[in-house]
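Quick note on labels: first sequence line is chain A, next is B, and so on, each numbered from 1.
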Amino acid sequence: MEEKEESVGLSGTCEEDGDDEFKWWEKENNDDSVKWVTLRHNGVMFPPEYEPLPSHVRLYYDGKAVELPPEAEEVAGFFAALLESDHAKNPVFQRNFFNDFLEVLKRYGGAKNGVEVSSFDKCDFSKMFEYLQLQREQRKQLSPQEKKQLKLEKDQLEEPFKYCYLDGRKEQVGNFRIEPPDLFRGRGAHPKTGKLKRRVYPEDVVLNMDKDAAIPDPPAGHKWGEIRHDNTVQWLCMWRENISNSFKYVRLAANSSQKGMSDFKKFEKARELKKYIDIIRSDYRRSLKSKVMLERQIAVATYLIDVFALRAGGEKSEDEADTVGCCSLRYEHVTLKPPFTVIFDFLGKDSIRYYQEVEVDKQVFKNLTIFKRPPKQPGHQLFDRLDPSILNKHLQNYMPGLTAKVFRTYNASKTMQDQLDLIPNEGSVTEKIVRYNAANRAVAILCNHQRTLGRGHAASMQKANEKLEEYQWQKIRYKKAILQLDESELKKNPKYFKEIKDLTKEEQMAIHKRVIEREREKYKRKFTRENEKRKFDKEELLTDSQLKSWLDDVDELEKQYAQELETDEIVLKPTLLNVEKLKAQVEKLEQRIATSSIQLKDKEDNSTVALSTSKISYIDPRLSVVFCKKYNVPLEKIFTKALREKFKWAIESADENWRF
DNA sequence: AAACAGACTTAGAACGATTATT
DNA sequence: AATAATCGTTCTAAGTCTGTTT
């Protein structure tokens, strides 16, 4: 304990922790080649060692239990844990996993009981899977106190790594944990998906800190790979991963001054583009007709990046998923439909599909036709003279630091501002938030930010739809009942009763069935639950005849509905046999139908759009701050706690008149 | 100018916590 | 009170872009 204190305590010199905050946004700072003067931290947290499974939990091969060496068992366990996921069904994932698994198995001497494992199809991971599931269940079942205790222990273990001292200021570290070994979960059709991501040891890790900083002790029996003192970079720790041989970094958290400054600079750069956008646009429109092919390609690419918010699109290697951006678009990704319609259909970042049928500028259409002319064919680059570095160099002629991605930030924030400007300053806070989210959604759609539908999405959609249908049915029943009570109502307002014929017999029957079934379930559940409770309280149990009497009531209701269907005579509780009361009920139902269908539509519209990425990375947070101030919406309705910390600079610096 | 290494931002999935619903 | 739906956070993969080397 004391030791930890000491090494971080060497923060030394400067300010106290806590109150006097560093308001970097109030200071002028243009040079960011040097990121810090002093940097001190306690290194990184390593994942726990592997704990072998109990001996009765085994991989089965061709029906026989396999005694795996722990190193191989760990890898098999990674697969077993994913057994019910899509990964485990992916043949590439299976093959990559199995190759690496066999290699580990061989390296550690094969199965201890001599079982020769060679075919994936003969492996049965289900026992391992069940055990892992059970453990998860048990963890969930723990009492609140036990959970609290575990959390406390976890926090204590993490404490030394959560913070660092940067120029004497205490700042939060982002990902202070070394990534644990696992199977690589590449997105889309990644050729390496399923490969073993190996365990990282201190020997693999480079620490970055100032020269006078105390070097934290590596875990017992280990040494650090290297200690570096590079103050031109932001990272605290780094290691090389074995899947694509690139680096992983430990850096500061999103709420740190460093990240905040970068963020601020990003948005200021995007705002700077305002000054140049008109000339850039008129230039690329002119260059669409240039005699030089390269210039035409630059013009079309800039147009696509500006108008459709495409990414730059760098070249990718053979052993990554085949995804593209603007410069790497190929022949088959663009379909031309005269006179001006273009269909884009390709996989972008994270293998998210970009599909848009759009009208484009006449000359853009012409140029795309030229770019696709024979001998070009599927597989060929559309922009064969172009790559992001050429494009970015061209953009930098207009504005220092301008690159393709700045257009995404610029257009996203511009769109948000324009959308927010359209919102009338009226109505409830909830209504204003709905409007804000609609503006946010416009940005997310521009950037093609998607999310895959959750597991239960289709089901919950259907449920909501059925509910709506049932409201409608109930409403019609009440209207019919009104006419039974007083036929003259029909003449008074024929329109009001028009919808009583809207549901067919079949539809009504289906609704009856659902309503009845739900009632039955309700009573059955009520019965079991009540008895469990009574058993616990040592009270007398409800008898089966009690349940039966409830269910008989439901049967009765079922008969009644069937009867209604036959005779078209509605039977209602005596208390409801009153025209005014029924009309009030109808009114209530109409309200419910209105709100439910709006919610339903909202849910549907939102189901495949992810709002968070644009909120976190593209929309200048000052826009949201200004919106909240002007429209009197509490900021915490728009920004979560984490986002309020990340955007502290924006919250404290934007006044009501701020414009992007 | 191409290829590569390095360092940073942006991205959706997974998971855990919280809130709404029954 | 249990269960389902939603929200918020964590995790790490997958981009962009710069600078260096050949």
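- The listed nucleotides are C:dC17, C:dT9, B:dC8; the one nearest the side chain of A:Ala312 is C:dC17.
- In this structure, A:Lys637 atom NZ and C:dT6 atom P are separated by 17 Å, rounded to whole Å.
- Atom NZ of A:Lys646 is separated from atom P of C:dT10 by 13 Å (rounded to the nearest Å).
- Considering only the side chain of A:Lys405, C:dT16 comes nearest among C:dA14, C:dG15, C:dT16.
- Contact annotation: A:Arg185 side-chain N/O to B:dG12 OP1/OP2 distance is not under 4.0 Å.
- At whole-Å resolution of the value, CE in A:Met238 and C1' in B:dC8 are 14 Å apart.
- Which of B:dA7, B:dA11, C:dC11 sits closest to the side chain of A:Thr613 comes down to B:dA11.
- Classified by interplanar angle (parallel below 30°, tilted 30° to 60°, perpendicular above 60°), the ring pair A:Tyr410/A:Phe660 is tilted.
- Using a 4.0 Å heavy-atom criterion, one finds that A:Arg311 contacts the sugar-phosphate atoms exclusively.
- A:Phe79 and A:Phe125 have tilted rings, their planes meeting at an angle from 30° to 60° on a 0 to 90° scale.
- Whole-Å rounding puts the A:Arg451 CZ to B:dT10 P distance at 21 Å.
- Between the side chain of A:Lys266 and the base of B:dT9, no donor-acceptor pair under 3.5 Å is found.
- A tilted orientation is assigned to the rings of A:Trp24 and A:Trp649, their planes being inclined by 30° to 60°.
- When each of B:dA7, B:dG6, B:dT10 is scored by its nearest atom to the side-chain atoms of A:Tyr618, the top-ranked nucleotide is B:dT10.
- Looking at the side chain of A:His87, the nearest of the listed nucleotides B:dG6, C:dA14, B:dA14 is B:dA14.
- Of the listed nucleotides (C:dT12, C:dT9, C:dC17), C:dT12 has the atom at the smallest distance from the side chain of A:Asn175.
- Checking A:Thr409 against A:Glu315, the closest nucleotide of DNA chain B that is more toward the 5' end is the one next to A:Glu315.
- At B:dA1, none of the side-chain N or O atoms of A:Ser389 fall inside 4.0 Å of OP1 or OP2 (strictly under the cut-off).
- Residue A:Arg435 places its CZ atom among 12 or fewer non-hydrogen atoms of other residues, nucleotides or ligands, all under 6.0 Å distant.
- For A:Ala642, taking side-chain heavy atoms from C-beta onward, the closest of the listed nucleotides C:dA13, B:dA7, C:dT9 is C:dT9.
- The phosphate of B:dT9 has neither OP1 nor OP2 within less than 4.0 Å of any side-chain N or O from A:Ser617.
- With C:dT9, C:dA14, C:dT12 as the candidates, the nucleotide lying closest to the side chain of A:Lys248 is C:dT12.
- Using a 4.0 Å heavy-atom criterion, one finds that A:Lys197 contacts the sugar-phosphate atoms exclusively.
- Note on ring orientation: taking the six-membered ring where Trp is involved, the planes of A:Phe344 and A:Tyr354 are perpendicular (angle over 60°, cut-offs 30° and 60°).
- Counting only heavy atoms from C-beta on, A:Lys316 has its side chain closest to C:dG15 among B:dC8, C:dG15, B:dG12.
- The nearest heavy atom of DNA chain C to A:Lys641 and to A:Asp182 marks one nucleotide each, and the one closer to the 5' end goes with A:Lys641.
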